[in-house]
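Order of the sequence lines fixes the chain letters, A, B, ..., with proteins taken first and strands second; residue numbering starts at 1 for each chain.
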Number of protein chains: 2
Amino acid sequence: MTSAASRKGGRARDERLERDIPEATIARLPVYLRALTALSERDVVTASSEELASAAGVNSAKLRKDLSYLGTYGTRGVGYDVNYLRYQIAREIGLTQDWSVVIVGIGNLGHALANYAGFASRGFQVAGLVDNDPARVGEKVGDLTISSFDDIDAIVSNAAVSIGVIATPASAAQDVCDRLVAAGVSSVLNFAPAVLTVPDYVDVRKVDLSIELQILAYHEQRKANGAAELRASLA
Amino acid sequence: MTSAASRKGGRARDERLERDIPEATIARLPVYLRALTALSERDVVTASSEELASAAGVNSAKLRKDLSYLGTYGTRGVGYDVNYLRYQIAREIGLTQDWSVVIVGIGNLGHALANYAGFASRGFQVAGLVDNDPARVGEKVGDLTISSFDDIDAIVSNAAVSIGVIATPASAAQDVCDRLVAAGVSSVLNFAPAVLTVPDYVDVRKVDLSIELQILAYHEQRKANGAAELRASLA
DNA sequence: AAGAGTTTGTGAACGGGAGAACAAAATCGC
DNA sequence: GCGATTTTGTTCTCCCGTTCACAAACTCTT
């Protein structure tokens, strides 16, 4: 932080100490936000790093360090003001504004995503649903109507969509991704089990259900083997 | 590897060099597996680390190091035998055996998971669907019938379920998790936006859709701010 | 059979994040 | 007003994971 300040030599807007917040921290901010929201709903006014950390499922030192990247929002001897900190984190993540997303691929998963309440409640608005299957185009899901691939451009530009969600089969994912990027999307959340190639300025995050299960299976197997070895060594 | 061998002093089963494979590597093995499967389907017999890495979306040095934890399966000057390596990875992850999973919470997401083809194709068998809502119990999803919470014990023990998938609202997640663990489940995949507390021997992995979107939103905001700052500094 | 050309496996350097520990800063009790 | 107490913000150390770079090992050509 001092480096940024000294480099620019005390520029006017430097109280807003231009950060580079570690990725690992960013990934935890939404968790803290959720914990704070829960506390706020129970009318808790103040929380210590210890309390917050336990609600978020992390270590308190880590939480304090994470928050220190955002600024000095706590009070020593007291803790953090729940609502104030909540607002600061929301602002930092960018949740004080609304984001439009388009969902491509309205199969089982796409349906679930389209109806997912967690989106709207956090400032994410589904601006369009798109599917390749002519039989599905025109179908209503919630209060939205499924459009065809060809409408991607119009949807993205009309609703200023910057985030695309891909819930298609793997075979279609790269093509869909290319179209989204061409239409102006610069962040992609990919549920398809495929590796996507995108320009540098585009962010991609991947969620892969079967990979998660495979990781669990590996550990299960290890547990089982460990137990078997233990039995063998006792025999 | 030498440390393990020397420590135990050349024990009988030590060719099976008892590993501790880094978590980061384990998380990538399923990706390699998928890439290998794709190559195999195109009848590719051999692949270099460079080819495999690009198919998997990683750096070739990382891929080689990852594979070296499993054993010496490549041939210098040649590359890796696709099918052989595929089998070795599958065995390592534990995919040469079948795994039974139970899905709890058959809302939109639960439905999608129950119908997800990627499970069956990788040796994961859905042994039961469970929901709390009496109106849903008895309903058929695919060729399975939804059971009530009270049947969790029976399902888990009858089908030797070791993995539980939680797709309930956050408010129910901890209770469901406790029941699963009590029934004998020792790995949990949690889709509910809640922090779960479990005994040490239980593994939990969490998938949180709205967190992924929030991370993307943060980066979007940064991109937008960066562009705005750039414009300002040029003006 | 020997040299040229590939490609793996790994040692070593590097960077980032986690956790312990403590000094600084605030409140509270008297 | 002052010492005791609480709790933050931060420094320091350690560990894990990534990447580089190269020697070892294999094939192919002549």
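Residue A/Leu85 contributes atom CG, which lies 15 Å from atom C1' of D/dT7 at whole-angstrom precision. Between B/Leu63 atom CG and C/dT10 atom C1' there is a gap of 14 Å when expressed in whole angstrom units. We find that CG of A/Leu52 is positioned 19 Å from P of D/dT6, with the value rounded to whole Å. Put simply, CD1 on B/Ile21 is 15 Å from P on D/dC16, counting in whole angstrom units. One can place CG of A/Leu67 at 7 Å from P of D/dG9, the figure rounded to the nearest angstrom. With rounding to whole Å, B/Ile26 atom CD1 is found 13 Å from D/dG17 atom C1'. Atom NZ of B/Lys62 is separated from atom C1' of C/dT10 by 17 Å (rounded to the nearest Å). Summarising the geometry, the separation between OH on A/Tyr69 and C1' on D/dG9 is reported as 12 Å, rounded to the nearest angstrom.
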Going through the distances and angles, do B/Asp178 and B/Gln174 end up as a side-chain hydrogen bond (donor to acceptor under 3.5 Å, both in side chains)? CA-CA 6 Å; B/Asp178 292 344; B/Gln174 183 65 58; 2.8 Å; yes
Steps toward side-chain hydrogen bond (donor to acceptor under 3.5 Å, both in side chains) verdict (B/Ser210, B/Gln214): CA-CA 6 Å; B/Ser210 93; B/Gln214 291 177 57; 3.3 Å; yes
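Put simply, the side chain of A/Asn190 gets close to the backbone of A/Ala194: a donor and an acceptor are under 3.5 Å apart. Counting only distance, with no hydrogens or angles, the side chain of A/Lys206 and the backbone of A/Leu196 share no donor-acceptor pair below 3.5 Å. Of the possible polar contacts, none joining the A/Ser40 side chain to the A/Thr37 backbone as a donor-acceptor pair under 3.5 Å is found.
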Going 5' to 3' through nucleotides 3-8 of chain C, assign each nucleotide B (protein heavy atom under 4.0 Å from a base atom), S (under 4.0 Å only from sugar-phosphate atoms) or - (no protein heavy atom that close). ---BBB
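Between B/Lys65 and C/dT10, a side-chain N or O to OP1/OP2 separation shorter than 4.0 Å is absent.
In the set D/dT10, D/dC20, D/dG17, D/dG17 carries the atom at the smallest distance from any side-chain atom of B/Glu23.
Rounded to the nearest 0.5 angstrom, A/Arg86 CZ and A/Tyr73 OH are separated by 15.5 Å.
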